[in-house]
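Keep in mind that this is a model prediction, so the values were computed, not measured.
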Amino acid sequence: MADTEFGNKLGTSGLAFLPLYKQVEKHVTQLIVEQRWKPGDMLPSEFQLASEFGVSQGTVRKALNTLTDEKVLTRKQGLGTFVAEHTGMPALYRFFPLVADGQSPELPISEVLSLTIAPANKAIARELNVSAKTKVVLLKRRRTIGGEYCLLEDIYLPYSAFAGIENEPEIPHTLYHFYQTNFNLTVHKTEDKIKAILAQASDADLLGIETGTPLLMFTRSTKSLNEQIIEYRITRCRSDHYHYLVNFD
């Protein structure tokens, strides 16, 4: 199959208008969503993929390079290309931005305060792109760095994507790896909005600070590989000796 024929093959899925390497990129992403390759799995060689897709190795290489840049894939020198896992320090730098002043980033300890399932109000339904009163999960957590309470999280999840989460024996610290391994949902894109607020009494009590203490509040919208919104998170962070770190590597 020639390169041009691959575009024709995918034309019925609405991808034919894209450059060929982008079509391959989308196709590989869809195969990951469908669990042909799971987190940590090694992909076939560029030669094998080129043969399967009927395109040149150069086209496959360009697609895989783009997916590597977007952290969907990872390359291990001398071994091959793998589906990325949200584990270890790379995921920490990418997805957990709060750092104690003068310290290196570290994985905070999380404490589940509650997990409930209820109909979404209009505001949360809008953020999750679901209908009002659709069932959603609300996970409330408190997190600790260096033995000090530093932030609170209200995490909203569409129950249709996380059915059965209430039966999980444990909710781990690293949620995005948990989403991957338990629900086949890989976090691909996050968008954070940050503003300054003053601590309300309930938050101040949980953080062990005075009511009215300045906090950073950031809201996060999270999308999976197929562009579905799978999480909306409201986080309140102490700002007295913590800062928000953005790493673009």
S.K.: Is a donor from one side chain sitting under 3.5 angstrom from an acceptor on the other, for Arg75 and Thr81?
M.R.: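 Yes, side-chain donor-acceptor contact under 3.5 Å.
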S.K.: Can you find a pair of side-chain heavy atoms, one from Ser224 and one from Thr186, that are under 4.5 Å apart?
M.R.: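 With C-beta onward as the side chain, the pair stays apart.
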S.K.: For Tyr149, does its backbone N or O pair with a side-chain atom of Arg238 as donor and acceptor, under 3.5 Å?
M.R.: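 Side chain of Arg238 to backbone of Tyr149: a pair is present.
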S.K.: Roughly how far, to the nearest 0.5 Å, is NZ of Lys193 from CD1 of Ile234?
M.R.: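 The distance works out to 12.0 Å.
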S.K.: Any luck finding a side-chain donor-acceptor pair between His243 and Asp101 under 3.5 Å?
M.R.: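 The answer is yes; a qualifying pair exists.
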S.K.: Assigning hydrophobic clusters by single linkage (Ile, Leu, Val, Met, Phe, Trp, Tyr; side-chain heavy-atom cutoff under 4.5 Å), is Ile230 placed with Val136?
M.R.: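 Different hydrophobic clusters.
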S.K.: Hey, does His188 have a side-chain heavy atom less than 4.5 Å from the side chain of Val72?
M.R.: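 Yes; the side chains approach each other to less than 4.5 Å.
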S.K.: Among all residues two or more places apart in sequence or in another chain, which pass the side-chain contact (heavy atoms from CB on, under 4.5 Å) test with Lys135?
M.R.: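 Residues passing side-chain contact (heavy atoms from CB on, under 4.5 Å) with Lys135: Ile117, Tyr159.
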S.K.: Would the distance check show the side chain of Asp41 and the main-chain N or O of Lys38 forming a donor-acceptor pair, the cut-off being under 3.5 Å?
M.R.: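 Such a contact is found between Asp41 side chain and Lys38 backbone.
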S.K.: Between CG of Asn65 and CD of Glu70, what distance do you get to the nearest 0.5 Å?
M.R.: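 So the CG of Asn65 and the CD of Glu70 are separated by 11.5 Å.
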S.K.: According to a hydrophobic-cluster definition based on side-chain heavy atoms being under 4.5 Å apart (Ile, Leu, Val, Met, Phe, Trp, Tyr only), do Leu175 and Leu152 belong together?
M.R.: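 Leu175 does not cluster with Leu152.
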S.K.: Would you please test Arg141 and Glu153 for side chain to side chain contact (heavy atoms under 4.5 Å, CB included) and show each step?
M.R.: CA-CA 5 Å; Arg141 301 200 302 179; Glu153 296 172 315; 2.9 Å; yes
S.K.: Mind checking the NZ-CG spacing from Lys62 to Leu67? Nearest 0.5 Å is all I need.
M.R.: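 Here the rounded value is 13.0 Å.
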S.K.: Does Arg36 have any side-chain contact (heavy atoms from CB on, under 4.5 Å) partners at least two apart in sequence or in another chain, and if so, which?
M.R.: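 Listed in chain order: Leu31, Glu52.
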S.K.: Using modelled atom types only, decide if a donor and an acceptor are shared between the side chain of Thr29 and the backbone of Glu25 within a distance under 3.5 Å.
M.R.: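 Present.
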S.K.: Tell me if the CD atom of Gln200 is crowded by more than 12 foreign heavy atoms within 6.0 Å.
M.R.: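 Counting other residues, nucleotides and ligands, CD of Gln200 stays at 12 neighbours or fewer.
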S.K.: Test Thr222 against Ile229 for side chain to side chain contact (heavy atoms under 4.5 Å, CB included), laying out the working first.
M.R.: CA-CA 6 Å; Thr222 299; Ile229 298 175; over 6 Å; no
S.K.: Sequence neighbours excluded and cut-off under 3.5 Å, please list the side-chain donor-acceptor pairs for residues 205-218, or say none.
M.R.:
from	atom 1	to	atom 2	distance (Å)
Thr213	OG1	Glu210	N	3.4
Thr213	OG1	Glu210	O	2.6

S.K.: Give the other cluster members for Tyr21, using side-chain heavy-atom distances under 4.5 Å between Ile, Leu, Val, Met, Phe, Trp and Tyr residues; answer none if it is isolated.
M.R.: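 Answer for Tyr21: none, a lone residue.
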S.K.: Group every Ile, Leu, Val, Met, Phe, Trp and Tyr by side-chain heavy-atom contacts under 4.5 Å, then state whether Leu113 and Tyr156 land in the same group.
M.R.: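 Same hydrophobic cluster.
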S.K.: Apply side chain to side chain contact (heavy atoms under 4.5 Å, CB included) to the pair Gln180 and Glu85, showing each step before the final yes or no.
M.R.: CA-CA 8 Å; Gln180 274 191 320; Glu85 296 181 273; 4.1 Å; yes
S.K.: Between Glu148 and Tyr242, do the side chains contain an N or O donor and an N or O acceptor separated by less than 3.5 Å?
M.R.: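 A pair is found: one side chain offers a donor N or O, the other an acceptor, under 3.5 Å apart.
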S.K.: For Glu111, enumerate each residue passing the salt bridge (charged side-chain N to carboxylate O under 4.0 Å, His left out) test, keeping only those at least two apart in sequence or located in another chain.
M.R.: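 Residues passing salt bridge (charged side-chain N to carboxylate O under 4.0 Å, His left out) with Glu111: Arg142.
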S.K.: Can you check whether Leu98 reaches Cys150 side chain to side chain, under 4.5 Å on heavy atoms?
M.R.: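 Heavy-atom side-chain distance check passes, below 4.5 Å.
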S.K.: Would you check if Arg220 and Glu191 make a side-chain contact, meaning some heavy-atom pair closer than 4.5 Å?
M.R.: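 Answer no - side chains too far apart.
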S.K.: If we ignore angles and hydrogens, is there a donor and acceptor under 3.5 Å between the side chains of Tyr244 and Asp192?
M.R.: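 Asp192 and Tyr244 do have a side-chain donor-acceptor pair below 3.5 Å.
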S.K.: Within a strict 4.5 Å, meaning less than it, do heavy atoms of the Leu43 and Val28 side chains meet?
M.R.: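 They are in contact (side-chain heavy atoms under 4.5 Å apart), so the answer is yes.
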S.K.: Within this structure, what is the OG1-CZ distance for the pair Thr66 and Arg61, rounded to the nearest 0.5 Å?
M.R.: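 These two atoms lie 12.5 Å from each other.
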S.K.: If the condition is ring-ring contact (aromatic ring centres under 6.0 Å, His included), which residues does Phe178 pass it with, not counting sequence neighbours?
M.R.: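 Phe183.
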S.K.: So, taking the atom named CG in Leu139 and the one named CD1 in Ile165, what distance separates them when rounded to the nearest 0.5 Å?
M.R.: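 Going from CG on Leu139 over to CD1 on Ile165, the span is 6.5 Å.
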S.K.: Quick one: closest heavy-atom pair of Lys71 and Ala84, and the distance?
M.R.: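 Answer, listing the atom of Lys71 first, then Ala84: O-CB, 3.2 Å.
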S.K.: Is Leu115 reachable from Tyr179 through a run of I, L, V, M, F, W or Y residues, each pair having side-chain heavy atoms under 4.5 Å apart?
M.R.: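 Yes; tracing contacts between hydrophobic side chains, which count when under 4.5 Å, links both residues.
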S.K.: For Asn182 and Glu168, which I'm curious about, is there any donor-acceptor pair between the side chains at under 3.5 Å?
M.R.: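 The answer is yes; a qualifying pair exists.
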S.K.: Is it true that Thr59 and Ser56 share a donor-acceptor pair across their side chains at a distance under 3.5 Å?
M.R.: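 Judged by distance alone, the side chains do pair up.
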S.K.: What distance separates Thr144 OG1 from Leu151 CG, expressed to the nearest 0.5 Å?
M.R.: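 Result: 8.5 Å between the selected atoms.
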S.K.: With the side chain counted from C-beta on, respond yes when Glu231 and Leu185 share a heavy-atom pair under 4.5 Å apart, and no when they do not.
M.R.: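 Contact flag for Glu231/Leu185 side chains = no.
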S.K.: Is it the case that over 12 heavy atoms from other parts of the model lie below 6.0 angstrom from the CD1 atom of Ile109?
M.R.: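 Atom CD1 in Ile109 is not packed in, count stays at 12 or less.
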S.K.: If you define the side chain from C-beta out and look only at heavy atoms, does anything of Leu64 sit under 4.5 Å from Glu46?
M.R.: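 Side chain of Leu64 against side chain of Glu46, heavy atoms only: contact under 4.5 Å found.
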S.K.: Pro119 and Lys133: which non-hydrogen atoms are nearest, and at how many Å?
M.R.: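 Heavy-atom minimum between the residues: CB-O, 3.5 Å.
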S.K.: Assigning hydrophobic clusters by single linkage (Ile, Leu, Val, Met, Phe, Trp, Tyr; side-chain heavy-atom cutoff under 4.5 Å), is Ile124 placed with Ile155?
M.R.: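 Cluster IDs for Ile124 and Ile155 differ.
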S.K.: Within the structure provided, determine whether Val137 and Thr116 are in side-chain contact (heavy-atom separation under 4.5 Å).
M.R.: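 No, side chains not in contact.
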S.K.: Regarding Gln48 and Ser51, do their side chains bring together a donor and an acceptor under 3.5 Å, going by distance alone?
M.R.: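 Note: Gln48 and Ser51 side chains miss the donor-acceptor criterion.
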